[in-house]
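This report concerns only the one structure given below.
Computed over heavy atoms, backbone and side chain alike; hydrogens, waters and symmetry mates excluded. Count residues from 1 along the sequence.
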Amino acid sequence: MRDPVVLASGQTYDRRFIQEWLSAGNRTCPQTQQVLSNTVLIPNHLVRSMIAQWCTENGIALSPLENQEEDLVTNNERKAFSELFDRISSSSDISEKKQAIKDLRLLTKRNSSFRAVIGENPDSISQMISAVSNAELESNSEVLEDTVTTILNLSIHESNKKIIGDDTKAVTFLISALQSGTMEARSNAAAAIFSLSALDSNKAKIGESGAMRPLVDLLEHGSMTAKKDAASAIFSLCKLHENKSRATRSGIIDVVLKSISDESLIDEALTILALLSSDHETVEEIGETGGVPCMLRIVSDDQCKRNKENAVAVLFSICMYDRTKLREVVEDENLNGSLAWLAQNGTSRARRKAAGILDKLKRTIHKTHYSC
């Protein structure tokens with residue numbers, strides 16, 4: 001371990017490897033399996049100093065942090081990359097093109113330094129997409145899967161995120177795969193979008209390009225793996241405020257409330273709702289589509305502290321924005337006392353939100369009584 005960082009779960013990992021885990025579309029802590037509320041990586045200076053001390057005592061040179069993510073590209077790798085793209089771009093043999101794309105997928109999966117070659121050839125992704133965009137290849141599901149997965153593999157490398165995000169063909173291709181690819185292609189396209197959306201500039205471009213609606217559709221109708229990839233992508237994109245309204249207009253509220261009701265992807269659905277609840281338009285829709293009883297049920301019955309925290313955060317936003325929902329909350333609280341319990345026993349954020357709701361209820365009741 002050279003650059004220890006702390007994940008939202010509190011676990012410490014080496015930056016390079018946990019970043020690859022997150023960039024591959026994973027939204028859980030590898031050690032605890034906890035769904036992450038965010039993907040911020042905080043340097044663990046204590047562990048870093050312990051590593052440095054151990055290296056000094058044992059005569060081992062610890063490389064500077066700024067050099068950690070640099071992958072040295074060999075001439076052999078450059079040559080292999082060039083030969084592959086010649087086969088993809090220039091070969092008239094369709095079967096050879098297909099094999100070259102498959103080879104590229106495998107190489108970019110296994111070899112981190114091979115992924116770095118793309119930085120020296122920023123136009124190669126557009127060339128690859130153009131090469132497969134012909135009548136004989138674009139309808140081939142295997143070719144589509146291999147091309148999408150290659151873009152996903154390349155996007156894991158940090159310096160490639162901007163290159164791919166700036167390539168309009170790449171973003172358009174991923175969205176097209178989301179809409180019409182096989183389930184594996186759609187899942188990997190969503191994972192690639194999640195990886196690319198680590199950059200705010202990419203969040204904007206991807207959102208503007210129309211990715212939200214096919215992602216919401218995948219969240220509703222995909223396989224379990226595809227749903228998780230879609231949820232991760234949607235969550236990351238919605239960290240940009242403009243994408244929150246795009247998600248709402250794309251039907252995200254109905255889909256995540258249904259997921260909670262069906263008890264599938266509850267963690268992911270609540271995490272998305274909590275993020276979206278900072279948007280007034282979205283909060284109104286949550287309230288109008290049965291969100292209040294759904295959140296109250298989670299606060300009362302769910303055993304997961306993080307789920308309770310996210311549910312009460314959504315409920316807090318509803319209560320602040322929409323007074324018409326307060327009666328529903330008061331009736332449930334008088335019956336179950338769930339908010340009072342959470343204000344004493346929840347996570348620090350849950351206690352704060354629950355106390356805020358209770359205070360709002362008391363002030364509203366007082367005003368109503370005074371007015372009478």
Next on the checklist: Checking side-chain polar atoms at under 3.5 Å, does D103 have a donor or acceptor matched by the opposite partner on Q99?
Outcome noted: yes

Checklist entry - Looking at D217 and R186, does any basic side-chain N land under 4.0 Å from a carboxylate oxygen? => result yes

Item to check | Reported OG-to-CD1 distance for the pair S277 and I318, which is rounded to 0.5 angstrom | outcome: 8.0 Å

Checklist entry - Would you say K244's side chain and S278's backbone share a donor-acceptor pair under 3.5 angstrom? => result no

Next on the checklist: If you apply the rule side chain to side chain contact (heavy atoms under 4.5 Å, CB included), what do you find for L174 with L196, and how did you get there?
Outcome noted: CA-CA 11 Å; L174 290 174; L196 295 172; 3.8 Å; yes

Item to check | Straight-line distance of N188 CG to M183 CE, nearest 0.5 Å | outcome: 12.0 Å

Checklist entry - Is the side chain of N160 donor-acceptor paired with the backbone N or O of L154 at a distance under 3.5 Å, no angle test? => result yes

Checklist entry - If you draw a 6.0 Å radius around CZ in R78, do more than 12 non-hydrogen atoms from other residues or ligands fall strictly inside? => result yes

Next on the checklist: Could you check whether K162 pairs with D166 (Lys NZ or Arg NE/NH1/NH2 to Asp/Glu carboxylate O, under 4.0 Å)?
Outcome noted: yes

Next on the checklist: More than 12 heavy atoms of other residues, nucleotides or ligands under 6.0 Å from NZ of K258: yes or no?
Outcome noted: no

Checklist entry - Is the backbone N or O of L257 less than 3.5 Å from a side-chain atom of S261, with the two atoms forming a donor-acceptor pair by type? => result no

Item to check | From CA spacing to verdict: side chain to side chain contact (heavy atoms under 4.5 Å, CB included), R249, E281 | outcome: CA-CA 10 Å; R249 292 193 297 270; E281 175 189 352; 4.1 Å; yes

Next on the checklist: Could you check whether any side-chain N or O of S236 sits under 3.5 Å from a backbone N or O of S232, counting only pairs where one atom can act as donor and the other as acceptor?
Outcome noted: no

Item to check | K353 side chain to F316 backbone, donor-acceptor under 3.5 Å | outcome: no

Next on the checklist: Checking D262 against S264: is there a side-chain donor and acceptor pair closer than 3.5 Å?
Outcome noted: no

Next on the checklist: Against R105, only a single residue in T150, T147, D146 fulfils side chain to side chain donor-acceptor pair (under 3.5 Å); can you say which?
Outcome noted: D146

Checklist outcome for this item: In short, A247 meets I252 closest at the heavy-atom pair O-CG2, 3.0 Å

Checklist entry - CG of L7 to CD of Q19: how many Å apart, nearest 0.5 Å? => result 10.0 Å

Checklist entry - Would you call R352 and E309 a salt bridge, using N to O less than 4.0 angstrom? => result no

Next on the checklist: Assess, by modelled atom type and distance only, whether the side chains of T12 and N44 contain a donor and an acceptor separated by less than 3.5 Å.
Outcome noted: yes

Checklist entry - Just checking, any donor-acceptor pair under 3.5 angstrom between side chains of T248 and E285? => result no

Next on the checklist: Run the side chain to side chain contact (heavy atoms under 4.5 Å, CB included) test on L84 and R87 for me, step by step, so that the C-alpha distance in whole Å, both residues' side-chain angles and the decisive distance to 0.1 Å come before the verdict.
Outcome noted: CA-CA 5 Å; L84 270 177; R87 288 165 58 197; 3.6 Å; yes

Checklist entry - So, do F17 and Y13 have ring centers that fall under 6.0 Å from each other? => result no

Checklist entry - Side-chain contact, heavy-atom cut-off 4.5 Å: I260 with L265? => result no

Checklist entry - Crowded around K239 NZ? As in, over 12 foreign heavy atoms under 6.0 Å? => result yes

Checklist entry - If we ignore angles and hydrogens, is there a donor and acceptor under 3.5 Å between the side chains of N26 and T28? => result no

Item to check | Electrostatic pair E142:K102 at N-O distance under 4.0 angstrom | outcome: yes

Next on the checklist: Regarding D359 and R363, does a basic nitrogen lie under 4.0 Å from an acidic carboxylate oxygen?
Outcome noted: yes

Checklist entry - Do S197 and N202 meet the criterion of a side-chain donor-acceptor pair at a distance under 3.5 Å? => result no

Checklist entry - Counting N and O atoms only, with roles assigned by atom type, does the side chain of R246 sit under 3.5 Å from a partner on the main chain of M212, one being a donor and the other an acceptor? => result no

Next on the checklist: Looking at T172, is its backbone amide N or carbonyl O close enough to the side chain of S176 to form a donor-acceptor pair, meaning the two atoms are under 3.5 Å apart?
Outcome noted: no

Next on the checklist: Do T32 and Q11 pair up side chain to side chain, a donor and an acceptor below 3.5 Å, judged on atom types alone?
Outcome noted: no

Checklist entry - Considering all heavy atoms of both residues, which atom of E220 and which atom of K227 are nearest to each other, and what is their separation? => result O-CE, 3.5 Å

Item to check | D279 and T282 side chains, donor-acceptor separation under 3.5 Å | outcome: yes

Item to check | Check: E328 main-chain N/O paired with D332 side-chain donor or acceptor under 3.5 Å | outcome: no

Item to check | Under 3.5 Å side-chain donor-acceptor pair for D229 and S187 | outcome: yes

Checklist entry - Will you find, in the side chains of S195 and K161, an N or O donor that is under 3.5 Å from an N or O acceptor? => result yes

Item to check | M295 and L270: CA distance, side-chain angles, deciding distance, side chain to side chain contact (heavy atoms under 4.5 Å, CB included) verdict | outcome: CA-CA 9 Å; M295 295 305 104; L270 285 168; 3.8 Å; yes

Checklist entry - K203 side chain to L237 main-chain N or O, any donor-acceptor pair under 3.5 Å? => result no

Checklist entry - More than 12 foreign heavy atoms under 6.0 Å from CD of E263: is that the case here? => result no

Checklist entry - If two hydrophobic side chains count as joined below 4.5 Å and joins carry through other members, does I266 share a cluster with L276? => result yes

Next on the checklist: Please find the pair of heavy atoms, one from S338 and one from E333, that lie closest to each other, and give the distance.
Outcome noted: N-OE1, 3.3 Å

Checklist entry - Is the backbone of D301 close enough, under 3.5 Å, to the side chain of Q303 for a donor and an acceptor to pair up by distance? => result yes

Item to check | Distance, nearest 0.5 Å, that separates CZ of R27 from CZ of F235 | outcome: 5.0 Å

Checklist entry - What distance do T149 atom OG1 and N153 atom CG have between them, rounded to the nearest 0.5 Å? => result 6.5 Å

